[in-house]
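We number each residue from 1, following the sequence as shown.
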Amino acid sequence: MQSVDSDKLTELIVKGMQEKKAVDIVILNLKHIKNAVADYFIICSGNSDTQVDAITDSVEEEIYKASQQNPWHKEGKEHKEWILLDYVDVVAHVFKKDRRAFYALEELWGDAIITHVDDTQRV
């Protein structure tokens with residue numbers, strides 16, 4: 001198994017999200033926050049159950065191709081409203097559009113350094 005650091009993991013997650021046309025991709029850098037649960041949170045939205053599922057699968061495939069690594073923990077696959085893929089240092093959050101506003105993770109982690117990934121931007 002090839003080890004990848006949190007910065008590389010973040011790139012792979014964003015690439016997987018972009019492959020399936022995820023919208024509003026945001027990277028929250030939590031490295032400087034004391035007692036943060038991870039180095040990065042990457043958040044995106046999908047427009048339907050099917051797209052949320054496809055984005056999640058794409059992220060898992062990108063990371064597995066590069067590192068033979070599976071998520072340490074995965075949640076939400078059955079409801080397809082908020083799927084969480086926990087890679088320990090980096091956590092991907094794939095939301096159905098309306099649920100993202102409800103949970104407002106970006107606001108909860110307001111001290112994070114926030115990077116908005118433009119739809120045309122490739123990492």
Side-chain angles (χ1 to χ4, degrees):
M1 176 159 88
Q2 183 185 354
S3 180
V4 293
D5 67 13
S6 61
D7 294 326
K8 180 65 178 167
L9 219 44
T10 297
E11 284 178 30
L12 292 167
I13 289 169
V14 170
K15 182 179 178 196
M17 290 173 170
Q18 289 175 326
E19 289 293 320
K20 298 300 177 188
K21 309 283 189 252
V23 293
D24 301 326
I25 301 171
V26 174
I27 300 168
L28 302 182
N29 182 332
L30 309 171
K31 286 182 177 181
H32 68 284
I33 299 175
K34 189 177 168 150
N35 300 324
V37 296
D39 288 347
Y40 294 99
F41 277 2
I42 297 97
I43 305 168
C44 75
S45 301
N47 294 311
S48 66
D49 291 2
T50 307
Q51 187 183 21
V52 166
D53 219 16
I55 293 166
T56 304
D57 291 346
S58 178
V59 167
E60 287 187 85
E61 286 168 22
E62 285 297 327
I63 292 174
Y64 193 81
K65 274 193 300 193
S67 69
Q68 286 68 55
Q69 188 177 347
N70 288 310
W72 173 73
H73 183 74
K74 184 175 8 178
E75 268 180 52
K77 195 90 165 132
E78 57 283 345
H79 299 297
K80 296 176 181 52
E81 291 187 344
W82 175 8
I83 299 177
L84 178 144
L85 298 173
D86 187 344
Y87 288 94
V88 184
D89 292 332
V90 183
V91 181
H93 301 269
V94 183
F95 281 97
K96 197 161 166 192
K97 219 172 196 173
D98 60 334
R99 302 315 292 163
R100 182 170 176 177
F102 179 80
Y103 288 106
L105 284 188
E106 290 99 323
E107 291 169 33
L108 284 176
W109 291 95
D111 292 344
I113 298 167
I114 298 174
T115 304
H116 295 269
V117 179
D118 187 295
D119 291 341
T120 61
Q121 182 180 346
R122 290 284 169 197
V123 289

### Message
Restricting to non-hydrogen atoms, name the atom on I55 and the atom on G46 that form the minimum distance, rounded to 0.1 Å.
### Response
CD1-CA, 4.0 Å
### Query
With the 4.5 Å side-chain cut-off for hydrophobic clustering, are V26 and V117 part of the same group?
no
#### Entry: Side-chain heavy atoms of D24 within contact of R100, under 4.5 Å
yes
### Query
Is it true that V88 and L9 fall in one hydrophobic cluster, defined by side-chain heavy atoms closer than 4.5 Å?
no
## Note on the structure
OG1 of T115 to CG of N29, rounded to nearest 0.5 Å, is 7.0 Å
### Query
Under a 4.5 Å cut-off applied to non-hydrogen side-chain atoms, are V91 and V37 in contact?
no
## Note on the structure
Closest non-hydrogen atoms of C44 and A22, given as atom of the first, atom of the second and distance, are SG-CB, 3.7 Å
### Message
Let me confirm one number: the CG-CG distance from L30 to D39, rounded to the nearest 0.5 Å.
### Response
8.0 Å
### Query
Should we say atom CD of E107 is surrounded by more than 12 heavy atoms from elsewhere, each under 6.0 Å from it?
no
### Query
Counting only N and O atoms by type, is there a donor-acceptor contact under 3.5 Å from the side chain of T56 to the main-chain atoms of V52?
yes
### Task
Check whether any side-chain N or O of Q51 sits under 3.5 Å from a backbone N or O of K20 as a donor-acceptor pair, and report yes or no.
yes
### Message
Nearest 0.5 angstrom please: I42 CD1 to T10 OG1, how far?
### Response
4.0 Å
### Task
Starting at CD of E11, measure out to OH of Y40 and round the result to the nearest 0.5 Å.
9.5 Å
### Task
Return the minimal non-hydrogen interatomic distance between I63 and Q69, and the atom names on each side.
CG2-O, 3.7 Å
### Query
Say you draw a straight line from CZ of F95 to CD1 of I83; how long is it, rounded to the nearest 0.5 Å?
11.0 Å
### Message
Apply side-chain contact (heavy atoms from CB on, under 4.5 Å) to residues E19 and E61 and explain how you reach the verdict.
### Response
CA-CA 11 Å; E19 289 293 320; E61 286 168 22; over 6 Å; no
### Query
Going by heavy atoms in the side chains, are V4 and Y87 under 4.5 Å from each other?
no
### Query
Side chains of S6 and D89: do they bring a donor and an acceptor to under 3.5 Å?
no
### Task
Say whether L84 and V90 are linked into one hydrophobic cluster, either directly or through other cluster members, by side-chain heavy-atom distances under 4.5 angstrom.
no
### Query
What class does the angle between the rings of H93 and W82 fall in, given that below 30° is parallel, 30 to 60° is tilted and above 60° is perpendicular?
tilted
### Query
Given side chains that start at C-beta, do those of M17 and V59 come closer than 4.5 Å, heavy atoms only?
yes
### Query
Closest heavy-atom contact between L108 and Y103?
CD1-O, 4.1 Å
### Task
To the nearest 0.5 Å, tell me how far D53 CG sits from E78 CD.
10.5 Å
### Salt bridge K34-D111, side-chain N to carboxylate O under 4.0 Å
no
### Query
Same hydrophobic cluster for I25 and I13, using side-chain heavy-atom links shorter than 4.5 Å among ILVMFWY?
yes
